[in-house]
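A quick write-up on the structure given underneath.
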Amino acid sequence: MIETLLKLINDASSKYAGPGVSLPRAAVTVPPNPAQGDFTTGIAFGLAPVLKKPPLEIAAAVAATLRDTAAGIVETIDVVKPGHINFLLRQSFWHDTLDSILEKGAGYGSSDHGGGHKVLLEYISANPTGPIHVGHGRGAVIGDVLARILASQGYEVTREYYINDAGNQVLSLGYSVLGDYYRSRHIDTAVSRPGEYQGAYIHDISSALETAMPAADINEEHIRTITEFAVSSILDGIRQVLGGFDILFDRWFSEKQLFGDGSIRRAISGLEARGAVKQEDGATWFLSTRYGDEKDRVLQKQTGELTYFASDIAYHVNKYERGYDLLINIWGADHHGYLPRVRAAMRALGYDPGRLAVLFVQMVRLTRGDKPVAMSKRAGEYVTLKDLVDEAGTDAVRFFFLQRSHESQLVFDIELAKKQSQENPVYYVQYAHARIASIFGFAAARGWPVDALKHRQDYSFSSQEKMLLSQCLLYPGLIRDIAARREPHRLTHFLVELVGILHKYYTDTRVVDSDADTEQRLLLMKTVKIVLKNALDLLGIHAPEKMEKLEENPAR
RNA sequence: GCGCCCGUAGCUCAGCGGAUAGAGCGUCGGACUUCGAAUCCGCAGGUCAUGGGUUCAAAUCCCAUCGGGCGCUCCA
């Protein structure tokens, strides 16, 4: 639909520019004031620097062509002030869009632009040393929604969680559990190293320890087994919380596997083969400065231990070798300094670093009212994702995280999230969906079943109705753009805008009335409902047929 | 000191070259005998951190400065 208009604009401008001139891509938007038209394009502004002519002159010429070529779609074309070209579209155009959306239904907004390209999306990957907290939750939601959006655009998406189950952190977890076990049973036995982790979850694991292994084996000699037990019970918890949050993975990739199958050794010798490795101070270094990093990095320590970096190189090699067209990592912003060395390693090994994209998700700061919430993982005093979801509900938490750009820090006031649960923007959007459902119920009782509505082409859409349709019309392009630019937060803003128009329309216009146009208004509601549902699905947020009171529906 | 991100309404944040800068929350005031008022309408609130520059056009791009967060481990 909109493509037709875009193509006409492109053709008209290339005709004006002449052959061989590279054109800016045409785009249309809704003008700020409905009186200015249904759509507007700024193509003349893009052409101006290329052709070295004033935008107004270009706009006039392009518009003149369009008045001819686009006559079938366009009612009037205006050229305004600095160089905007505004369109008022024919009623037939709006009827076509309505038909087209109704016909596509749940598929409206999907496309095959991804062309089946394989994308590996790795996100969260929180260390299995404790429950995941709200910061991970933010990355989880962004990753999940991006995965859904990419899949809707015809990409073949694999979702992956990388488990750091091999290093010192995890061993420290084991010691923490063992220490707690001794302490809670008043067993006075020295342990060679203190664990760093505290909190109720440590105690829960140590309590469960006896059911998992004989008491006689619970000692430092079996620290590996204890650690494995701790890791797997934490992972179970993480899986459960994420599952309840509707976040699922295709694969959980174990770091330990890379040690076991020799991948790390292979990665290091690969670097050696390219002369990118040196021995110094008893350690093995990757000469990453040669590949754009600011300093060289250790692969194997003096102690003989491999660094996390070494296994991460192997992990990324593994990803490349699995044949993905694009690797997307979602990392916490505190890891941004880490990217240059990973890129350097990939470059050194001959992999295209351009295929690796990293989204850095900025931090979430928690407050309760004005008071900041102290977050200390080691002390075990932090708000988990589970706590937050239990308090605010999955829909609200997802929506909240997706209202902000991933590269902006965000303050999450827990008090507010609880207190305003009724006014939370997510309910604003969901209410619109429920409201349309409710209208349908009412209409059906009056003899207008939604499935038997007949579209009448001579109906004349009002200005507000065209605004609803134009929002709906822009939806597929938006999704494609979000996929390309990886900005999932734009979808919530789109919904708020669409729903704002709808609510206003509802108060201004009686949908189910005695006049003959009731059926046409109901069809319009049906198309809006389709778009709402499709968008909410991509966000992983419920599209309710009926709003329920929060009190009756606690802890979703 | 170096690097990344951010500085927009009282608060939390969208907008990131183009038409009078927006939303939610918060203040205040209106609108339910009719499709759900979890809604709508109105008022108030801005030197878009500051100073330069590029451009026909800058909140948006470039440079500098100031302020905030996060990194700069043979930690993960």
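Any value given below was found using the heavy atoms of this structure, including those in side chains, with hydrogens, waters and symmetry copies removed. Here is how names work: the chains are called A, B, and so on, in the same order as the sequence lines, proteins then strands, and each is numbered from 1.
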Would you say A:F360 stacks on B:C5, if stacking means ring centres under 5.5 Å apart and planes within less than 30 degrees? no
Do A:H84 and the base of B:G18 stack face to face, with centres under 5.5 Å apart and an angle between planes under 30°? no
Could you check how far CZ of A:F401 sits from P of B:A14, rounded to whole Å? 14 Å
So, under a plain 3.5 Å distance rule, would you say the side chain of A:H503 forms a donor-acceptor pair with the base of B:C40? no
On the nucleotide B:A14, are OP1 or OP2 found under 4.0 Å from the side-chain N or O atoms that A:S408 carries? yes
Side-chain N or O of A:K81 less than 4.0 angstrom from OP1 or OP2 on B:C56? no
Quick one: is B:A31 close enough that its OP1 or OP2 comes under 4.0 Å of any side-chain N or O from A:K504? no
Check ion pair A:K526-A:E519 (N to O, under 4.0 angstrom): no
Report yes if at least one side-chain N or O of A:R490 is closer than 4.0 Å to OP1 or OP2 of B:G15; otherwise report no. no
Is any side-chain N of the basic residue among A:D293 and A:R347 closer than 4.0 Å to the acidic one's carboxylate O? no
A:R485: salt bridge (charged side-chain N to carboxylate O under 4.0 Å, His left out) partners, not counting sequence neighbours: A:D481, A:E487
May I ask you to verify if any side-chain N or O of A:Y431 is less than 4.0 angstrom from the OP1 or OP2 atom of B:A38? yes
Any A:Y506 side-chain nitrogen or oxygen under 4.0 Å from OP1 or OP2 of B:C41: no
Checking N1-N3 plus N6-O4 or O6-N4 for Watson-Crick, or N1-O2 and O6-N3 for wobble, each under 3.5 Å, the partner of B:G67 is B:C6
Contact class for A:S438 (heavy atom, under 4.0 Å): base, sugar-phosphate, or nothing? base
